[in-house]
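The model shown is predicted, which means the values in this text are computed figures rather than measured ones.
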Amino acid sequence: MESRGHVVRGFDTNPYVAEILSSGKLPYIEEGADELLLKTKITIHQPQELCQWADIVFIAVQTPHDAMYEGITPLPDTRKDFDYSYLIDAVKSAKTAKLLVVISTVLPGTIRREILTIRDVIYNPFFIAMGTTIPDFLNPEFVLAGAKQTAYIDVRTLNKFYGTIHNKILLNYTIEEAEIIKVSYNTYITAKICIANTIIEVCHKICNANCDKV
């Protein structure tokens, strides 16, 4: 966002984030991050101060799954939702923002059930991958926004913002439709990876074929 001419300020409960900004070095590989960190002027502030200052406040916090669903062992018979405590606390801390945008991944029905009872938000899930977060954000396949029908002014503001980042059209749907699209997209990518891994196993274990060619 900053590289496209915006003044960016942030908040994080982890003080290590401020150290990364001041040192200009990430402890992991992220394409394009090192060069942006060398010239960044992003500063850290308290949520209340940010809400008074910012035109748009983005909430980007974890919504972790239960430890039983780590993806290695078979799923248990019981089902459990994500942990939304971080998201709820973050939204409460930014209640006074002019425009509040949630990008965290949630299951369908969550925003209306857990968040709209606190205040109105736009649900704007990102479609980015670790390692390529910056190019994925600057040149996305599409941009998705879920909002109440009465939030057309907020959607227009968000669309204007994204117009300064890239030339992709903002797809505006209901909150529930946006939630389902995000989860469906993630699930589809996971299914493709599972199929690819299975084909690789067949190549290696059955006939010693070149999996790249296959």
Side-chain angles (χ1 to χ4, degrees), residues 1-65 67 70 82-106 111 114-115 118-145 154 157-168 170 182 186 189:
M1 296 177 187
E2 186 183 34
S3 72
R4 292 296 188 264
H6 296 280
V7 179
V8 179
R9 298 177 184 175
F11 167 76
D12 202 291
T13 55
N14 187 349
Y16 186 49
V17 172
E19 292 178 28
I20 291 172
L21 288 170
S22 60
S23 69
K25 291 191 178 298
L26 274 180
Y28 51 88
I29 296 174
E30 191 65 61
E31 184 182 333
D34 289 341
E35 115 185 41
L36 291 180
L37 280 169
L38 285 175
K39 51 190 177 185
T40 186
K41 295 180 181 177
I42 295 174
T43 51
I44 301 296
H45 303 264
Q46 290 302 309
Q48 191 58 39
E49 183 183 351
L50 291 172
C51 290
Q52 294 172 353
W53 170 82
D55 295 316
I56 306 174
V57 173
F58 289 89
I59 298 285
V61 297
Q62 67 270 42
T63 51
H65 56 69
E70 91 295 338
F82 295 162
D83 178 1
Y84 299 118
S85 59
Y86 302 97
L87 178 58
I88 291 168
D89 288 345
V91 170
K92 285 180 178 177
S93 74
K95 277 180 70 173
T96 59
K98 299 182 189 101
L99 172 54
L100 192 58
V101 179
V102 172
I103 73 170
S104 305
T105 301
V106 302
I111 296 296
E114 302 286 355
I115 303 305
I118 303 170
R119 63 151 290 164
D120 283 349
V121 302
I122 290 181
Y123 183 51
N124 173 219
F126 284 8
F127 296 88
I128 54 179
M130 290 179 66
T132 58
T133 295
I134 294 167
D136 290 345
F137 176 76
L138 295 178
N139 186 34
E141 290 182 67
F142 57 89
V143 182
L144 179 65
D154 289 342
T157 300
L158 189 63
N159 193 29
K160 184 177 178 182
F161 162 76
Y162 277 118
T164 68
I165 306 293
H166 47 64
N167 60 0
K168 301 296 170 64
L170 183 72
K182 170 60 175 173
N186 286 11
I189 295 297

Taking only residues two or more places apart in sequence or in another chain, which ones pass side chain to side chain contact (heavy atoms under 4.5 Å, CB included) with S93?
->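 For S93 the side chain to side chain contact (heavy atoms under 4.5 Å, CB included) partners, ignoring immediate neighbours, are P47.
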Who are the side chain to side chain contact (heavy atoms under 4.5 Å, CB included) partners of N159, not counting sequence neighbours?
-> L170
For a 4.5 angstrom cut-off between non-hydrogen side-chain atoms, does [X] reach [Y]?
X    : Y    : value
L37  : L21  : yes
K98  : T157 : no
I20  : P27  : yes
I115 : I88  : yes
I134 : E31  : no
R119 : L100 : yes

Looking only at heavy atoms, which two atoms of [X] and [Y] are closest? And how far apart?
X   : Y    : value
A94 : C51  : CA-SG, 3.5 Å
T63 : T105 : OG1-O, 2.6 Å
V61 : L87  : CG2-CA, 3.6 Å
E70 : H65  : CA-CE1, 3.8 Å

Would the distance check show the side chain of [X] and the main-chain N or O of [Y] forming a donor-acceptor pair, the cut-off being under 3.5 Å?
X    : Y    : result
E2   : K41  : yes
K182 : F126 : yes
Y123 : L144 : no

Taking everything shown except [X] itself, do over 12 heavy atoms lie less than 6.0 Å from its [atom1]?
X    : atom1 : value
L38  : CG    : yes
K168 : NZ    : yes
F137 : CZ    : yes

Quick check for you: to the nearest 0.5 Å, what is the distance between [X] atom [atom1] and [Y] atom [atom2]?
X    : Y    : atom1 : atom2 : result
Y162 : M1   : OH    : CE    : 5.5 Å
I128 : L138 : CD1   : CG    : 10.5 Å
L99  : D120 : CG    : CG    : 10.5 Å

Q52 versus T96, side-chain donor and acceptor atoms under 3.5 Å = no
Which residue pairs pass the salt bridge (charged side-chain N to carboxylate O under 4.0 Å, His left out) test with at least one member in residues 4-27, sequence neighbours excluded?
-> none
Summary of side chain to side chain donor-acceptor pair (under 3.5 Å) pairs that have at least one residue in residues 127-138, sequence neighbours excluded | E30-T133, T132-D136
Listed once per pair and sorted, the ring pair (Phe, Tyr, Trp, His ring centres under 6.0 Å) pairs that draw on residues 10-59, sequence neighbours left out | F58-F161
List for me each residue that meets salt bridge (Lys or Arg N to Asp or Glu O under 4.0 Å) alongside D55, sequence neighbours excluded, and say none if there are none.
-> none
